[in-house]
Amino acid sequence: MYKCLILFLILLTLGLNPSFALASAHSADVQALSSQVESLKQEVNRLSKAIESLMALRPTVTMLMPDISERFHVMHYAGHAQDWALASHELQVLKQLIGKMQYIDPEKGAMADGFLLGNFNQLEIAIEHENIEAFNASLEATVTSCNSCHVAVGSPSMKVVLNASDGLSLRHSHALEESKKPGDHMHTH
Ligand code: HEC
């Protein structure tokens, strides 16, 4: 207590008003705080702009599909060449790609698991036993699952074909067949 008194007396002898000294110390704190708040605001702005760019660039389920398609067909032709080591590798990568879907779109990720995990198990067993008949049957079942999910998500025109050579590309192995364009007829003739 007497220390405060001494401080008070010293300040008085120095001709300073102690309450003024306290007030200016206080306002220095406020200034330091407000400049910290200001730089935090700038940081938050910078981060939200960065997040906005990343959100615009983020992978989508659609973007994963050509990779999925390519892995599927390389696995398919590797099996037919009895290159079981490669078929097994492609299946593992295919599983990883499907596994990533849950982080991009949890709902579609769960759908993809529901449609494909059983097929992947069948493929794994066929590859393990180097059994071409079981492998072929599992490939067909997988294509049916791919297309069932495409129907379920409202994109029935995304019709994957088993033989990529029937389509244009491994990455987009689609049935190139006559179909109606999607959506209502908006314009009048
Ligand atoms: C979640 C269910 C789901 C499953 C399972 C699925 N897909 Fe897809 N696929 C999608 C969606 C969603 C799209 C995008 C549809 C759109 O853009 O209209 C798509 C589109 C595609 C496309 C076209 C991509 C493009 O850029 O035009 C290909 C190729 C494709 N899928 C291949 C496959 C193959 C091969 C399999 C099976 C191994 C498969 N998909 C399984 C949901 C699925």
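Note that ligands are numbered from 1 as they come in the structure, with each ligand's atoms numbered from 1 the same way.
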The single option from Leu91, Ile127, Val74 passing side-chain contact (heavy atoms from CB on, under 4.5 Å) against Leu86: Val74

Whether Arg58 side chain and Met55 backbone form a donor-acceptor pair below 3.5 Å: yes

Salt bridge Lys49-Glu52, side-chain N to carboxylate O under 4.0 Å: no

Main-chain N/O of Thr144 paired with Ser148 side-chain donor or acceptor, under 3.5 Å: yes

Exam field: side chain Ser173 to backbone Leu170, donor-acceptor pair closer than 3.5 Å: no

May I have every N or O pair linking ligand 1 to the protein at under 3.5 Å, one per line with atom names and distance?
| from | atom 1 | to | atom 2 | distance (Å) |
| --- | --- | --- | --- | --- |
| ligand 1 | 7 (N) | His150 | NE2 | 2.8 |
| ligand 1 | 9 (N) | His150 | NE2 | 2.8 |
| ligand 1 | 18 (O) | Ser155 | OG | 2.7 |
| ligand 1 | 31 (N) | His150 | NE2 | 2.8 |
| ligand 1 | 40 (N) | His150 | NE2 | 2.9 |

Residues Asn136 and His80: side-chain donor-acceptor under 3.5 angstrom: yes

